[in-house]
Each structure stands twice: as structure tokens, then as C-alpha cells.
*Asks:* 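Before I ask anything, here is the structure I am working with.
Computation of the quantities below employed the complete heavy-atom set of this structure, encompassing side-chain atoms and omitting hydrogens, waters and symmetry-equivalent molecules. So you know, we letter chains A, B, ... as the sequences are listed, proteins then strands, and number each from 1. Please read these numbers as outputs of a predicted model, since none were measured by experiment.
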Amino acid sequence: MTPVRVRFAPSPTGFLHIGGVRTALFNWLYARQQQGVFILRIEDTDQSRSTDQSIQAIIEGLRWVGLDWDEGPYRQTERMDIYRSHAMNLLEGGQAYWCVCKADELEARRKEAETKGLSPRYDGRCRNLGITQPSGEAALRFKAPQTGQTVVDDLIKGRIVFDNTVLDDLIILRSNGYPTYNFSVVVDDALMHITHVVRGDDHLTNTPRQVPMFQALGFPVPQFGHLPMILGSDKARLSKRHGATSVIAYKDMGYLPEALVNYLARLGWSYGDQELFSRSELIEKFNWKNVQTSAAVFNPEKLLWLNAEYLKTGPPEAVARTLVPFLEQAGLFDPSHPVPQEWLVQLVVLVRERAKTLVDMVEWVKPYFGESVVWEEEAATKFLTPANAPVLRKLLERFVSLSGFSKQAWEEQFKRLVDEEGMKMGQLAQPVRVALTGRTASPGLFDVMEVLGRERTLSRLQQSLARAEAAHA
RNA sequence: GUCCCCAUCGUCUAGCCUGGCCUAGGACGCCGGCCUUUCAAGCCGGCAACACGGGUUCGAAUCCCGUUGGGGACACCA
């Protein structure tokens, strides 16, 4: 058995988008499952559109989702001589020819053909000119087969037959000496011994153009697999107007990479009714057979649900760690009062089932930072009233009389007071909630007290009592 | 225009290959209820789909043909 070698080959013309991540993920999963090799290759032969910044963005994105590569990143612009020499081999073998048609002429002819309702293909006028030493600018074209069929046995779509009459004589070397995509991929996939070329569905019709090149070059043809596209809610190809498409945008919005990976894996692949997969489970269970053949609509709500799921079931220590940069950004860290890690973990446990993202979590966690309460005006006006002041005072006195802090003891004391006053739980709980957190919604009151600690619970009660007493009826 | 791919709840999907177990299952979302000190979470329940038309068959979501619809490709982009 030859070892599995797969690759992810993005072009660095922008950030790493969701569709790219899924393509990379499926390749990566297969490589890890088969104990094969996952290669990162940057297809930057388009000088005008490629940027180093994009390469960095791709690398940053892959790292964030934890898709590590075993070889690369290779850059095609560093392999120019290789493509040129293989192109020359084709020329010498009579499988390629010089084309002296000008780019704008080709463009004009293409347009003309289109208006006549014809195929906008190259008409092959230089094919039999036999130019050996072009005097001016010339591009090298591959002599594509014109008869017969090219059969692609796709890992995902099955057997697909293309009539070779639809094939075009593709340019493989531009007049500036740079190879074109369809040629450099073939040379690289062959030379890098790629066993499975797995890419987006949009490359499906590139495959019958590439297969004859493998053959002309004398290389074995790899297996192909074409992943269905990811669409936006309007069923059009996923793009900016559907919301965020950059992976890093998801990082910034407070998503966990595990959640994104889980979501993307399930988008277009399934394993019975299972929805939640750990990374090792994905590696173990992934297979081509259950990859969907049809396009999938990206559903942000389901991703959000998954993220919430990971937030509340993941190890709180890890969640706390990833939360830190978000807390810093929100200015919640006072450098003179470093926050103990274990308190942060406690805080995460306190709020995690209410937050759907880390950004969300910051909001939930805000009331527990700082000595004093910051009230939401509406909440304070409604609950910190002179009418509520006497019972708040009684509660404060009783809490003060309890020496240490124990959740059970304080809860018991609280309920006894409710009983004695003939109140309902909620009648006291809401004012106290506002007194402690400044808000009308919070986790369980006694859990809140525990995280706040005895001193802050008492001081915040005191502070809120003062406001209640001073408020006008 | 030509070629290629695709078609199950609003969305992701199971089932399709190897027809009967499908009165079509799960998940997200939505709606209702329970729980409850608030908000969540959790639990229970509900709404909701085999694109259409022909075949084949005792029987079709499943096999075949056609139609329609959606997507992709047709660059000296990748």
C-alpha cells in the first residue's frame, strides 16, 4: 500500500475562508486517519493577486483550527524552473505548442463566440503552425486530446465521463514565463506524489483537462474527490454578504475552533445521527462514502448552538484560558489586581450555560469584576426602592452575623427571612440580584454570592441598600 | 450557448447502493409545556420534507427515463 499523501492548495488572494477550511479539514482528517501526509502548498502563480499577507492569514487560520501540515508550505513561485522544464519536455515531445495569439485578440474572439451562442473556447489556430522559436511574445499551449473520453472515478461523485471534444488547448506557460494553474497543479501533484486530490466541486471540470496532462507527462493519475460547495442562505455561493466568511472572523466573534471544526465536518458529511464529534472521533469515523454529493447551506444558528455546547461541556480551565484575551480587550483586567486563575475558572462555570460565544461570555462575566456594583438604571429603579430597603437591611444584618461564608448557611438564612416576612422567594431574590450584580438576570443567587465572596457580597448589599434608602418613593 | 454536478422538513442530514422494517428518523431553529429566585440550561411535546411526470414491480424516497429547478465550469485567475 502506498502511503496516503494529500494536500491543501489555496491561492493567497485573500483570507482563509470557511469553504477552504472545510476542504483542508477533510484532507487533514483523511491523512490523519490513514497515517498519511498532509501537505500545504501555496498556489501563488498569479503574481498580480497573490500577497504575503494572505499567506500569513492562511497559516494563521489553519493554526487556529488546529490543522497542522507535515510538509510545506511550498510556494509555487519557488518552483518555477520545475514547471518550465516540464513544459519544455511537452514541447519537445510534440504535446505542446507555441501560441502567438494576443491576449486581447483571444478576449475579442471569445466574446464574439459567446454572442453567437458558441462555446467560448480557443479555436486552435496556432496548433499546427509549428512555431519552434517564437520571435515575440508567445504562450505555450497543451495539445489536448480531441477524440475519445476522459473518465474520472471520483471518490465522492462516482464515475464521470467527459467527452474529449469539449477540451480546450489550455495555456500552460504564460508569455511572461509563469505557469498557469492547471499546469502547475498537475506538475506539483505528480512530483509531490499526491495520492488523493480532494478539492472543491468547482474544480470538477478542471479534472478532465488535467488528467491528459498527467498522462502526457508520464505520471500516474491520482484519485480525485470533489467536495460539494458551501452556499449562503439564498443558495448562492457563500460570500461576504452572507456574513463572515473568514475563519479568523469566527475567532474574533468568540467561537471555539473545536466547534467550528465540528460544524464544518458535519456540513457535508455525516455519521448516522451523531452531531457531536471530538477531533479524534472525526479522525476515526471520517469516510468518503458519507460525504454528501450535493451543496450545503451554511447555517450560522447551528454553529452557534454547537459553540454553546462546547462552551458548557468543554473543560472550564481551557475555556477560561481562551476567554482571557477577550477579557483584556474588554478592559476587565486591572493590572494592579491580577485575577487568580482558579477564580476565573469558577466564573466560567458560573456563566457558561448562558453564553453562546466568548464575546457573549464577557458580558455575562462583567458584573463580577470590580469591588462595587454597577447598576443597570432600569433594574435599580425598579428593585432598589425604599419599600424594599427594610428587608434588604434585615438580610444584610443576618448575613453579617454569619461569621464565615457557606452557600448552604446563607441560603438557609435567606429562606428563613423570606418565610418570616411572608414573602415569595422572587420578591426578595430580585432586589438582591440587582443589589449584587446590578442586573435582573443572573445565575443562581447563592452561586453568585459564592463567586463574589463574603466581603464583596456584603459590601455590594450595603452599597445597594444605601441607594434604595436614598431613592424617592 | 456548451459541458458537468446535484435534488428528503426553513436549514444540516439518516434512509437510497443491497426496493417492503418509512404512518420517512435525528439535529438546529421555531411554537407550547414542565422545572424555577431571574435569565439561561435541562426535560417533555408539537409544527414541518421524499421537486414534478412517466415507467419497472405485488410493492418505489429507494431502480430506469424525461421535465423542472439549483449549482459549477468554459481566462495568458486559481
Side-chain angles (χ1 to χ4, degrees), chain A residues 9-13 43-46 48-50 99 101-103 106-107 110 113-122 137-141 152 154 156-158 160-163 165-168 170-176 178-182 184-185 199-209 226 228-229 231 233 235-237 263 266-276 289-290 292-306 308 312 351-356 364 414-415 418 424-430 432-434 437 439-446:
Chain A
S11 64
T13 54
E43 314 226 313
D44 56 350
T45 54
D46 183 351
S48 59
R49 297 200 309 152
S50 301
C99 170
C101 299
K102 295 275 173 291
L106 291 168
E107 176 75 34
R110 198 160 35 238
E114 245 169 284
T115 51
K116 282 185 188 162
L118 297 169
S119 229
R121 294 196 294 146
Y122 178 61
E137 290 218 325
L140 196 65
R141 280 187 193 270
V152 177
D154 196 89
I156 294 158
K157 310 249 182 193
I160 307 163
V161 180
F162 296 89
D163 225 312
T165 51
V166 305
L167 260 31
D168 211 347
L170 256 35
I171 288 181
I172 57 177
L173 228 50
R174 300 177 173 99
S175 50
N176 67 5
Y178 278 77
T180 55
Y181 162 77
N182 274 300
S184 52
V185 232
R199 65 225 314 188
D201 204 327
D202 48 342
H203 285 291
L204 191 54
T205 51
N206 278 328
T207 308
R209 300 160 162 176
H226 290 92
M229 303 269 83
L231 311 177
S233 49
K235 305 240 178 194
R237 203 180 179 141
Y263 177 72
R266 270 293 281 102
L267 188 68
W269 174 80
S270 61
Y271 191 80
D273 288 339
Q274 190 172 344
E275 297 287 349
L276 268 18
K289 183 177 171 282
N290 290 331
Q292 196 75 5
T293 49
S294 52
V297 174
F298 185 81
N299 183 350
E301 267 104 39
K302 189 153 185 180
L303 171 59
L304 194 61
W305 169 77
L306 261 169
K312 65 188 172 220
V351 304
R352 62 177 174 174
E353 68 219 18
R354 272 152 259 258
K356 293 198 183 296
W364 277 103
F414 186 101
K415 286 186 170 156
V418 166
K424 280 185 185 159
M425 186 70 180
Q427 287 176 283
L428 184 56
Q430 278 310 80
V432 170
R433 189 183 314 283
V434 175
T437 67
R439 301 182 182 178
T440 54
S442 84
L445 226 40
F446 306 101

*Asks:* Find the partner of B/C28: check Watson-Crick (N1-N3 plus N6-O4 or O6-N4) and G-U wobble (N1-O2, O6-N3) distances, both under 3.5 Å, and reply none if neither fits.
*Replies:* B/G10
*Asks:* For B/A48 versus B/C9, give the span between their C1' atoms, rounded off to a whole number of Å.
*Replies:*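 About 5 Å, rounded to a whole number of Å.
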*Asks:* Start at the 5' end of RNA chain B and walk down; is the nucleotide closest to A/A296 or to A/K356 reached first?
*Replies:* A/A296
*Asks:* Quickly work out the A/L170 CG to B/C3 P distance and round it to whole Å.
*Replies:*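 Computing the A/L170:CG to B/C3:P distance gives 19 Å.
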*Asks:* Please measure how far the P atom in B/A7 lies from the corresponding atom in B/C12, and state the result in whole Å.
*Replies:* 12 Å
*Asks:* Does A/D163 reach a base, just sugar-phosphate, or nothing at all? Heavy atoms under 4.0 Å.
*Replies:* nothing
*Asks:* Expressed in whole Å, how much space separates the P atoms belonging to B/G53 and B/A60?
*Replies:*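 Going atom to atom, P in each nucleotide, I get 14 Å.
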*Asks:* Do the side chain of A/T180 and the main chain of A/I171 share a donor and acceptor less than 3.5 angstrom apart?
*Replies:*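 Side chain of A/T180 to backbone of A/I171: a pair is present.
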*Asks:* May I ask you to say what A/F162 touches in the nucleic acid, namely base, sugar-phosphate or nothing, with a heavy-atom cut-off under 4.0 Å?
*Replies:* sugar-phosphate
*Asks:* Polar atoms only, N or O, under 3.5 Å: list the protein pairs with nucleotides 36-39 of chain B and their distances.
*Replies:*
| residue | atom | partner | partner atom | Å |
| --- | --- | --- | --- | --- |
| B/U37 | O2' | A/R433 | NH2 | 3.4 |
| B/U37 | O2 | A/R433 | NH2 | 2.3 |
| B/U38 | O4' | A/Q430 | OE1 | 3.1 |
| B/U38 | O2' | A/T440 | O | 3.1 |
| B/U38 | N1 | A/R433 | NH2 | 3.3 |
| B/U38 | O2 | A/T440 | O | 3.4 |
| B/U38 | O2 | A/S442 | N | 2.7 |
| B/U38 | O2 | A/S442 | O | 3.1 |
| B/U38 | N3 | A/R433 | NH1 | 3.1 |
| B/U38 | N3 | A/S442 | O | 2.4 |
| B/U38 | O4 | A/S442 | O | 3.4 |
| B/U38 | O4 | A/G444 | N | 3.3 |
| B/C39 | O2 | A/R354 | NH1 | 2.7 |
| B/C39 | N3 | A/R354 | NH1 | 2.5 |

*Asks:* Could you check whether A/L267 gets within reach of a base, just the sugar-phosphate, or nothing at all, counting any heavy atom under 4.0 Å?
*Replies:*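 Sugar-phosphate only.
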*Asks:* Base, sugar-phosphate alone, or nothing: which one does A/H226 contact when heavy atoms must sit under 4.0 Å apart?
*Replies:*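 The residue A/H226 makes no contact with any strand.
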*Asks:* With a 3.5 Å cut-off and just heavy-atom distances, do the side chain of A/D201 and the base of B/G72 make a donor-acceptor pair?
*Replies:* no
*Asks:* Atom CG in A/N206, atom CZ in A/R199: separation rounded to 0.5 Å?
*Replies:*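 Here the interatomic distance stands at 6.0 Å.
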*Asks:* Remember a base hit wins even if backbone is also touched, and classify A/R110 as base, sugar-phosphate or nothing at under 4.0 Å, heavy atoms.
*Replies:*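 Answer is sugar-phosphate: A/R110 comes under 4.0 Å of backbone atoms only.
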*Asks:* Searching all strands shown, indicate the nucleotide that pairs with B/G1 (Watson-Crick or G-U wobble; both distances under 3.5 Å).
*Replies:* B/C74
*Asks:* Taking the same atom, P, in B/A41 and in B/G32, what whole-Å distance lies between them?
*Replies:*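 Here B/A41 and B/G32 have their P atoms 15 Å from each other.
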*Asks:* Quick one: label A/N299 by what it contacts on the DNA or RNA (base, sugar-phosphate, nothing), any heavy atom closer than 4.0 Å.
*Replies:* base
*Asks:* Indicate, with a heavy-atom threshold strictly under 4.0 Å, whether A/S11 touches base, sugar-phosphate, or nothing.
*Replies:* sugar-phosphate
*Asks:* Is A/E275 touching bases, backbone alone, or none of the nucleic acid, heavy atoms closer than 4.0 Å?
*Replies:* base
*Asks:* Could you check A/V161 against A/Y263 and say which one's nearest nucleotide on RNA chain B is further toward the 5' end?
*Replies:* A/V161
*Asks:* Scan A/T45 against the nucleic acid and name what it touches under 4.0 Å (heavy atoms): base, sugar-phosphate only, or nothing.
*Replies:*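 Here A/T45 touches the backbone only, sparing every base.
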*Asks:* Could you check whether A/K424 gets within reach of a base, just the sugar-phosphate, or nothing at all, counting any heavy atom under 4.0 Å?
*Replies:*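 Result for A/K424 = nothing.
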*Asks:* Using atom C1' in both nucleotides, what's the gap between B/U13 and B/A49 to the nearest angstrom?
*Replies:* 12 Å
*Asks:* Listed by chain and number, what are the side-chain hydrogen bond (donor to acceptor under 3.5 Å, both in side chains) partners of A/K312, not counting sequence neighbours?
*Replies:*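 side-chain hydrogen bond (donor to acceptor under 3.5 Å, both in side chains) list for A/K312, sorted by chain: empty.
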*Asks:* Base, sugar-phosphate, or nothing: which does A/R352 touch, judged by heavy atoms less than 4.0 Å apart?
*Replies:*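 Touches nothing.
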*Asks:* Whether the side chain of A/D202 and the base of B/A78 hold a donor-acceptor pair under 3.5 Å is what I'd like checked.
*Replies:*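 When only heavy-atom distances are counted, A/D202 does not reach the base of B/A78 through any donor-acceptor pair under 3.5 Å.
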*Asks:* By the 4.0 Å heavy-atom rule, please label A/Q292 as base, sugar-phosphate, or nothing.
*Replies:*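 Sugar-phosphate, backbone atoms only, no base.
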*Asks:* Which part of the nucleic acid, if any, lies within reach of A/C99 when heavy atoms closer than 4.0 Å are counted: base, sugar-phosphate only, or nothing?
*Replies:* nothing
*Asks:* When rounded to the nearest 0.5 angstrom, what is the spacing between CH2 in A/W364 and NZ in A/K356?
*Replies:* 11.0 Å
*Asks:* Under 4.0 Å, counting only non-hydrogen atoms across every strand here, what does A/S175 touch: a base, just sugar-phosphate, or nothing?
*Replies:* base
*Asks:* Please report the distance, rounded to the nearest Å, between CG in A/D168 and C1' in B/U2.
*Replies:*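 Distance, rounded to whole Å: 12 Å.
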